[in-house]
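Below you'll find the structure, written out as structure tokens, and then a few comments.
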Amino acid sequence: MNRILTVARMQFVNKYTFVWMPLIILVTTLVLSIIIFAMIPYGGAKYGGGSQAPIWYFFGLGIMSLSYTFPFSQALSITRREFFLGTMLAALATAVMLGVVFGVGGTIERATGGWGLNGYFFSLDWLWTAGPLGAGVFFAVVAMLLFVAGFWGATIYRRFGAIGLTIALSLVALAFVAVIWIVARLDAWVAVGEWLAGLGVMGLTCTLVLVTIALGVGSFLTLRRAIP
Amino acid sequence: MTVVEVTDLVKRYKDTAALDGVSLSLQENVIYGLLGRNGAGKTTLMSMLTAQNFPTSGGVRVFGENPYENARVLGRICFVRESQRYPDDARPSHAFRMASMFFPNWSQELADRLVADFRLPMKTRIKKLSRGQLSAVGVIIGLASRAELTFFDEPYLGLDAVARQIFYDRLLADYTEHPRTVVLSSHLIDEVADLIERVIVIDRGRILLDDETDAVRGRAATIVGDVDAVAAFTAGREVIHRESLGRVTSATVLGELDAADRAHLAASGLEVGSVSLQQLIVRLTQHEFEPVTEGARR
């Protein structure tokens with residue numbers, strides 16, 4: 001346990017990757033979004049998608065954590081299990097930090113009437129139905145999901161090479177197409193839409209947590225036999 | 001105490017065997033030289049001992065246990081590869097701080113002194129360092145870790161002669177104060193000859209030689225003199241190399257020379273020269289003959 005925490009702390013030794021970079025992306029997109037809100041000559045509520053940017057960074061972060069830090073962790077005689085759990089812990093800490101920023105940012109946004117510009121960066125209407133805490137948790141979970149997806153992809157690349165990764169991505173795409181085909185075949189689009197709407201923010205968040213855990217288990221099993 | 005015990009280790013990649021039935025044991029507080037040509041299997045062997053890679057078959061015990069996913073064992077080992085990758089955007093200072101968190105015997109004082117010795121720029125990103133500076137980062141981690149079992153994987157790449165000498169001197173000095181088991185993989189054999197206590201020669205995935213350095217040195221001699229006299233002496237002996245210039249022949253023979261041999265040589269007017277470790281190993285790995293020395297069976 002102790003060594004797992006040490007791995008998590010190790011990921012923060014160079015604060016640039018896990019702390020400053022996501023914050024820089026967040027602040028930059030926020031400032032840009034506010035400037036753009038101010039430039040739009042429209043009085044109604046304006047919504048920007050810029051808040052996605054720092055969350056997508058987690059995908060790259062997942063890739064980097066594996067392809068650069070995993071080989072070094074092996075030189076430091078860290079077991080694969082310690083590396084996996086510690087790195088996930090570090091990513092979770094960063095995702096929670098981001099979630100807090102989103103919750104607080106959204107609250108400020110609402111209180112100031114969209115930065116006085118009626119422009120909304122954090123608190124998208126649908127999300128805000130779950131309140132600042134729910135929205136924060138949702139953002140943190142999506143960030144974790146992308147982190148784990150990037151991490152697993154990089155692990156597959158490390159273990160099975162470019163061909164292995166291509167095959168894996170093709171299988172994922174095939175699975176998506178199969179799902180779409182089945183839904184279309186059963187003429188169930190309405191039912192699926194109703195199910196998604198019925199889930200609400202918290203339901204969707206829980207579903208994504210399950211997907212994240214499933215991807216995490218897959219990553220761990222792939223990493224167990226990976227060579228640095 | 002036995003630190004490492006390897007039995008019949010095999011690592012196969014598709015149709016080639018990187019390791020082909022390696023058995024050896026490493027003892028506590030000895031400096032080993034793991035010598036061999038590029039692609040002989042040095043790095044593969046070290047990767048197996050540190051559970052960074054997996055054997056196809058055979059057994060590896062380190063400190064009496066299987067090292068795979070075993071924090072108790074791995075915590076006592078340090079192995080920085082020759083082609084080690086570091087976290088993106090990390091500076092040497094980050095790498096050393098990370099290392100200090102995991103090696104219980106880490107000496108920051110030694111690390112700081114080595115940074116000064118190697119003139120390593122601490123503020124430059126590792127990916128921007130020169131080859132020699134990159135090697136220095138690995139050497140510093142290996143030395144300052146003071147791990148009970150430390151591997152150095154061709155640590156000299158890109159280091160100039162002065163820096164290499166600093167490494168050898170510091171290794172010996174720190175080893176004297178803090179004895180540990182060191183495995184030094186190298187093909188600059190004569191440079192490390194005075195440092196290593198035991199020689200392990202690996203070639204094409206097999207252990208060719210595993211013996212005390214001094215015993216290996218005495219294992220061959222060069223006989224120089226008249227063609228016919230040399231031929232008479234070497235008859236029935238294993239000659240691993242022969243050079244002739246006019247009537248003068250120089251032959252390198254395997255096997256220790258006893259008193260009778262020396263008397264014979266003196267009587268025939270032949271001169272005896274010693275063979276450097278490097279020469280001997282080069283001859284052994286040239287495949288001009290198939291040597292089955294007793295060392296290979298140990």
Side-chain angles (χ1 to χ4, degrees), chain A residues 1-22 24 57 60-87 90-91 150 154 157-161 220-228, chain B residues 11 13 43-44 46-55 62 66-104 106 125-127 137-138 141-142 145 147-153:
Chain A
M1 189 60 202
N2 198 11
R3 277 169 65 99
I4 294 167
L5 287 176
T6 314
V7 172
R9 282 201 297 127
M10 179 194 85
Q11 295 284 11
F12 289 102
V13 163
N14 183 2
K15 294 194 178 51
Y16 181 77
T17 315
F18 264 91
V19 178
W20 298 124
M21 202 57 193
I24 289 169
Y57 174 71
L61 197 58
I63 296 173
M64 282 198 294
S65 296
L66 189 99
S67 41
Y68 293 102
T69 313
F70 170 64
F72 188 55
S73 80
Q74 288 279 294
L76 301 185
S77 294
I78 297 166
T79 68
R80 289 162 177 84
R81 182 176 153 274
E82 289 162 349
F83 174 74
F84 177 81
L85 294 174
T87 302
Y157 180 77
R158 186 132 285 262
R159 241 190 98 173
F160 302 107
F220 179 62
L221 294 177
T222 314
L223 182 67
R224 274 187 60 87
R225 301 292 286 180
I227 296 162
Chain B
K11 178 65 180 180
Y13 293 106
T43 305
T44 309
M46 293 190 286
S47 300
M48 305 278 158
L49 298 184
T50 51
Q52 294 195 12
N53 202 335
F54 312 104
V62 182
N66 181 356
Y68 177 61
E69 290 295 270
N70 190 336
R72 213 170 29 246
V73 170
L74 293 179
R76 303 162 75 179
I77 302 178
C78 177
F79 171 39
V80 180
R81 323 175 143 247
E82 175 261 295
S83 56
Q84 183 63 50
R85 299 179 71 151
Y86 294 88
D88 199 33
D89 290 321
R91 300 163 202 275
S93 55
H94 294 136
F96 299 147
R97 188 123 40 91
M98 290 175 181
S100 72
M101 298 163 81
F102 289 95
F103 293 113
W106 177 266
R125 294 186 192 288
I126 293 178
K127 60 184 170 190
V137 175
I141 291 175
S145 75
E148 287 170 65
L149 175 57
T150 306
F151 295 89
F152 292 100
D153 184 13

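- Contact of B:F151 with chain A is not made at all, since no heavy-atom distance falls under 4.5 Å.
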(request) Give the intermediate values and the outcome of side-chain contact (heavy atoms from CB on, under 4.5 Å) for residues B:F96 and A:V13. (result) CA-CA 10 Å; B:F96 299 147; A:V13 163; over 6 Å; no
(request) Please test A:N14 against B:D89 for side-chain contact (heavy atoms from CB on, under 4.5 Å), starting from the C-alpha separation and ending with a verdict. (result) CA-CA 8 Å; A:N14 183 2; B:D89 290 321; 3.9 Å; yes
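- Closest approach of B:F102 and A:L76 over heavy atoms only: CB-O, 3.8 Å.
- Of the atoms belonging to B:E69, heavy atoms from both backbone and side chain fall under 4.5 Å from chain A.
- Other residues, nucleotides and ligands contribute over 12 non-hydrogen atoms within 6.0 Å of the CZ atom of A:F220.
- Nearest heavy-atom pair across B:A71 and A:E82 is CB-OE2, 3.1 Å.
- By the 6.0 Å contact criterion, CZ on A:R159 is enclosed, its count of non-hydrogen atoms from other residues, nucleotides or ligands being greater than 12.
- At a 4.5 Å heavy-atom cutoff, the contact between B:R85 and chain A is made by backbone and side-chain atoms alike.
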(message) Show, in sequence, the C-alpha distance, side-chain angles and deciding distance for A:T79 and B:Y68, and conclude whether the side-chain contact (heavy atoms from CB on, under 4.5 Å) test is met.
(response) CA-CA 8 Å; A:T79 68; B:Y68 177 61; over 6 Å; no
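- The cationic group of B:R125 lies under 6.0 Å from the six-membered ring centre of A:Y16 and within 45° of the ring axis, placing it in a cation-pi geometry.
- For B:A95, the parts lying under 4.5 angstrom from a heavy atom of chain A are both the backbone and the side chain.
- Listed by chain and residue number, nothing satisfies the ring-ring contact (aromatic ring centres under 6.0 Å, His included) test with A:Y57 (two or more places apart in sequence, or in another chain).
- Scanning all heavy atoms of the two residues, the minimum distance from A:P228 to B:Q52 falls at CD-O, 3.2 Å.
- Residue with the most contacts toward chain A among B:I77, B:D88, B:I141: B:D88 (heavy-atom pairs, distance under 4.5 Å).
- In terms of heavy-atom pairs under 4.5 angstrom with chain B, the leader among A:R80, A:Q74, A:M10 is A:R80.
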Return a table of donor-acceptor pairs under 3.5 angstrom between the side chains of residues 64-71 of chain A and protein atoms on other chains or two or more places apart.
residue: A:S65; atom: OG; partner: A:L61; partner atom: O; Å: 2.8
residue: A:S67; atom: OG; partner: A:I63; partner atom: O; Å: 2.7

(request) Give the intermediate values and the outcome of side-chain contact (heavy atoms from CB on, under 4.5 Å) for residues A:S77 and B:F79. (result) CA-CA 8 Å; A:S77 294; B:F79 171 39; over 6 Å; no
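- Between A:R224 and B:F54 the shortest heavy-atom distance is O-CZ, 3.6 Å.
- Nearest heavy atoms, B:G75 versus A:R3: CA-NH1, 4.1 Å.
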